[in-house]
Amino acid sequence: MLNLILFGPPGSGKGTQSAYLIEQYGLKHISTGDLLREEKAKGSALGLEAQRYMEQGLLVPDEVVIGMIDAKLEEFAQKVNGFIFDGFPRTVAQAEALDQLLNQKNAQIAKVLSLQVSEEELMRRLLHRGLTSGRVDDNEETIRKRIQEYYAKTMPVAEYYAQFNKLANINGEGNIEEITDLLCAEVNELTSR
Ligand code: B4P
């Protein structure tokens with residue numbers, strides 16, 4: 001199995017680049033942001049709880065997202081070549097839980113692709129998306145909170161994977177195709193070993 005994490009702050013291009021990578025490598029895309037928004041749209045208890053956090057730009061509690069990932073791994077692990085985790089893990093506790101869940105399936109993370117984008121560019125992209133996305137969290141105040149949460153709780157996840165030599169930093173500024181090429185070069189190096 002080829003399991004990749006697309007990592008980076010809100011607006012760094014995780015969702016955008018996942019779309020290309022799943023096609024290129026035949027991987028299953030798991031975005032916790034998308035899963036939470038689906039739950040919210042269904043009006044489930046989990047979705048309504050998650051919404052309270054998301055609309056304030058806060059991370060949803062670990063046990064909620066870990067439970068969702070567990071269910072998806074159970075559903076798809078036997079059926080796919082691997083996964084792209086997009087927006088997960090966002091805390092060190094989530095990273096440790098993911099390692100355990102994959103271990104139970106004799107699998108592991110091959111690489112964490114970390115998109116590097118300046119705060120100014122993140123703000124520009126997300127405010128632009130907010131004009132059409134209809135997302136309650138794409139407004140200036142909430143974006144600032146999301147970026148703060150990223151630095152406080154999510155950045156340590158990069159260090160967690162760096163200690164296992166699994167972290168690759170990728171320049172996430174520039175046109176989308178150029179960034180896809182940089183990501184593919186990293187993945188091709190893994191698959192040609
Ligand atoms: P997500 O859905 O993961 O939202 P995101 O980080 O804002 O999106 P992403 O980074 O994928 O967007 P992209 O850059 O592709 O999370 C939303 C919320 O859900 C979180 O705040 C949290 O509350 C909750 N949540 C999710 N996962 C969680 C977890 N594991 N634990 C706890 N809580 C969790 O796109 C941004 C924009 O940039 C787009 O408009 C795109 O077109 C544009 N763009 C992309 N690449 C570009 C480029 N190279 N140049 C110009 N524009 C570009």
Side-chain angles (χ1 to χ4, degrees), residues 4-22 29-41 46-73 83-98 101 109 112-158 160 170-183:
L4 303 170
I5 293 173
L6 258 188
F7 185 80
S12 55
K14 302 182 296 287
T16 305
Q17 295 295 339
S18 292
Y20 294 94
L21 296 180
I22 48 173
H29 182 212
I30 299 188
S31 156
T32 39
D34 288 350
L35 292 173
L36 291 166
R37 282 185 289 277
E38 276 168 29
E39 289 296 328
K40 180 186 148 193
L46 187 156
L48 295 176
E49 192 201 346
Q51 182 185 1
R52 290 194 290 122
Y53 295 91
M54 292 169 83
E55 65 191 14
Q56 294 178 66
L58 300 172
L59 292 183
V60 172
D62 285 339
E63 57 276 17
V64 174
V65 279
I66 292 168
M68 286 189 331
I69 292 286
D70 190 7
K72 288 287 163 192
L73 291 181
F83 293 96
I84 289 191
F85 297 98
D86 160 4
F88 180 89
R90 263 174 154 100
T91 62
V92 171
Q94 291 180 18
E96 289 169 348
L98 178 61
L101 291 170
I109 291 299
V112 179
L113 304 163
S114 172
L115 292 164
Q116 313 283 308
V117 178
S118 69
E119 212 169 310
E120 199 184 14
E121 173 69 4
L122 298 174
M123 189 53 92
R124 194 190 65 74
R125 288 182 191 176
L126 292 174
L127 286 175
H128 181 73
R129 182 172 73 183
L131 298 175
T132 54
S133 67
R135 274 176 57 168
V136 287
D137 57 348
D138 281 345
N139 64 76
E140 188 165 348
E141 191 190 339
T142 313
I143 295 166
R144 286 205 191 284
K145 187 69 205 165
R146 287 158 65 193
I147 294 174
Q148 255 177 35
E149 285 274 272
Y150 172 79
Y151 287 119
K153 297 179 184 162
T154 306
M155 276 290 275
V157 174
Y160 173 82
I170 311 282
N171 179 8
E173 293 197 33
N175 77 49
I176 290 173
E177 294 77 17
E178 281 167 7
I179 299 164
T180 310
D181 288 345
L182 294 174
L183 292 167

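Both ligands and their constituent atoms are indexed starting at 1 by order of listing.
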- [ ] Determine, step by step, whether Arg146 and Asp138 satisfy the salt bridge (charged side-chain N to carboxylate O under 4.0 Å, His left out) criterion, reporting the C-alpha distance in whole Å, the side-chain angles of both residues, the deciding distance to 0.1 Å, and the verdict.
- [x] CA-CA 10 Å; Arg146 287 158 65 193; Asp138 281 345; 3.0 Å; yes

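Within 4.0 Å of ligand 1, the residues that place a heavy atom are Pro9, Pro10, Gly11, Ser12, Gly13, Lys14, Gly15, Thr16, Thr32, Gly33, Leu36, Arg37, Met54, Leu58, Leu59, Val60, Val65, Gly87, Phe88, Arg90, Gln94, Arg125, Leu126, Arg129, Arg135, Asp137, Arg146, Gly174, Ile176, Ile179, listed by chain and number.
Panel note: side chain Gln17, backbone Gly13; no donor-acceptor pair is recorded below 3.5 Å.
Heavy-atom neighbours of Glu177 CD from other residues, nucleotides or ligands within 6.0 Å: above the threshold of 12.
With respect to the salt-bridge test (charged N to carboxylate O, under 4.0 angstrom), the residues Arg124 and Glu120 do not qualify. Salt-bridge annotation for Arg125 and Glu121: present, with a side-chain N of the basic residue lying under 4.0 Å from a carboxylate O of the acidic one.
Every residue two or more places apart in sequence or in another chain was checked for a ring-ring contact (aromatic ring centres under 6.0 Å, His included) with Phe88, and none qualifies.
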